[in-house]
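Quick caveat: nothing in here was measured; it's all calculated off a predicted structure.
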Amino acid sequence: MPLPLPEVRRARGAVAAMFLTNGALLANLLPRYPEIKGELGLANSTYGLVLAAFPAGAILAGLGAGALIRRVGSAPLAVAGTILTAIGLCAASWAPVAGLLALALLVAGASDAITDVAQNAHGLRVQRRYGRSIINSFHAVWSIGAVLGGSMAALAIALDVPLRVHLSVSGALFAVISLVALRFALPGRDPENSTDGADDGAQAANAAEPDDAASTSGAPPSAVPHPTRGRTVLLLGPSS
């Protein structure tokens with residue numbers, strides 16, 4: 001199998017960096033939740049409701065991620081979401097009351113969900129150029145980022161680094177990494193709106209039956225997005 005073009009290999013590294021930052025950002029905050037709870041004097045019931053703001057934001061924002069990708073582009077949206085996530089998590093450390101903490105986590109959760117969808121979309125775009133399945137490697141890098149973020153938090157706690165200093169530094173660090181990664185992402189718009197020949201070919205392949213698309217692109221069937229990939233489906237539970 002011929003090696004992918006250098007710009008495609010660089011784009012793979014860029015997407016991996018996006019996944020790394022996404023995994024590391026929240027992991028920097030999680031070990032410090034008890035400290036935030038103690039500073040605000042939250043009861044267990046209030047604390048639970050406040051933490052529910054993060055997944056609530058993710059559910060609300062995730063529904064509109066597809067439309068944002070079509071308008072902004074997957075790579076720029078992933079980086080913008082990373083920066084907003086960093087800001088939201090940093091704001092959580094400065095929140096003086098439970099309501100503002102919940103609002104900060106709501107913003108962080110919404111931004112995190114948008115980042116997750118956008119970086120996966122760009123990862124699939126890189127995978128089509130690569131000609132083989134590489135999406136699982138990005139998820140492995142996300143796990144590495146989570147381990148890195150948790151380790152950073154543990155070290156900050158051991159060294160008595162103030163909560164706000166720790167989250168401000170970690171947020172700025174991973175925001176900068178995501179901005180650098182954007183420079184090496186695939187240029188242009190995503191396949192749905194692209195006029196680039198290679199992307200047009202991928203779009204035409206996606207319009208075929210799954211098996212035909214796999215044989216056209218050279219990728220396994222599981223690596224070829226479904227023709228309805230622009231739609232968002234939310235499964236809340238079994239029907240009664």
Side-chain angles (χ1 to χ4, degrees), residues 11-12 14-30 50-93 95 100-128 135 138-139 141-146 149 167 170-194 225-226 228-236:
R12 179 180 183 177
V15 176
M18 295 176 191
F19 274 81
L20 179 81
T21 59
N22 185 244
L25 278 172
L26 181 60
N28 266 280
L29 174 65
L30 291 178
V50 166
L51 295 188
F54 189 95
I59 292 173
L60 294 174
L63 296 173
L68 287 173
I69 289 173
R70 290 190 291 272
R71 179 178 295 271
V72 179
S74 55
L77 184 63
V79 173
T82 297
I83 295 172
L84 289 175
T85 301
I87 292 173
L89 295 178
C90 183
S93 67
L100 291 178
L101 175 60
L103 179 61
L105 292 178
L106 185 76
V107 172
S111 303
D112 179 76
I114 291 173
T115 301
D116 187 55
V117 176
Q119 69 189 10
N120 273 282
H122 202 72
L124 288 173
R125 185 179 172 193
V126 173
Q127 178 173 269
R128 286 194 292 272
I135 195 70
F138 298 138
H139 296 137
V141 173
W142 187 96
S143 298
I144 293 173
L167 291 182
S170 64
L173 171 64
F174 293 116
V176 169
I177 291 175
S178 69
L179 284 170
V180 174
L182 179 60
R183 181 178 179 182
F184 300 99
L186 291 177
R189 289 174 292 182
D190 288 87
E192 289 81 0
N193 301 316
S194 176
H226 193 273
T228 59
R229 64 188 182 281
R231 301 175 185 172
T232 302
V233 177
L234 178 62
L235 181 62
L236 296 177

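Summarising the geometry of Leu167 relative to Leu89, their closest heavy-atom pair is CD1-O, 3.8 Å, with the distance given to 0.1 Å. Heavy-atom minimum distance, Ala14 versus Ala185: CB-N, 3.9 Å. Here the closest non-hydrogen pair linking Gly23 and Ala27 is O-CB, 3.5 Å. Of all heavy-atom pairs between Ile83 and Ala175, the closest is CG1-CB, 4.1 Å. Looking at every heavy atom in both residues, Gly171 comes nearest to Ala86 through O-CB, 3.7 Å. Closest non-hydrogen pair, Ala121 versus Ser74, comes out as CB-CB, 4.0 Å.
Rounded to the nearest 0.5 angstrom, Leu20 CG and Leu25 CG are separated by 9.5 Å. Note that CG of Asn28 and SG of Cys90 are 11.5 Å apart. Values are rounded to the nearest 0.5 Å. One finds the CG atom of Leu63 at 10.5 Å from the CD1 atom of Ile114 (value rounded to the nearest 0.5 Å). In this structure, CG on Asp116 lies 6.5 Å from CZ on Phe19, to the nearest 0.5 angstrom.
Residues His139 and Asn120 meet the side-chain proximity criterion, which asks for heavy atoms closer than 4.5 Å.
Partner of Phe138 under the side-chain contact (heavy atoms from CB on, under 4.5 Å) criterion, chosen from Gln119, Arg12, His122, Met18: Arg12.
Looking only at distances, a side-chain donor or acceptor of Thr115 sits under 3.5 Å from a matching main-chain atom of Thr82. Between the side chain of Asp112 and the backbone N or O of Ala108 there is no donor-acceptor pair closer than 3.5 Å.
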Dump the intermediate steps for side chain to side chain contact (heavy atoms under 4.5 Å, CB included) on Phe174 and Asn22, then the final yes or no.
-> CA-CA 8 Å; Phe174 293 116; Asn22 185 244; over 6 Å; no

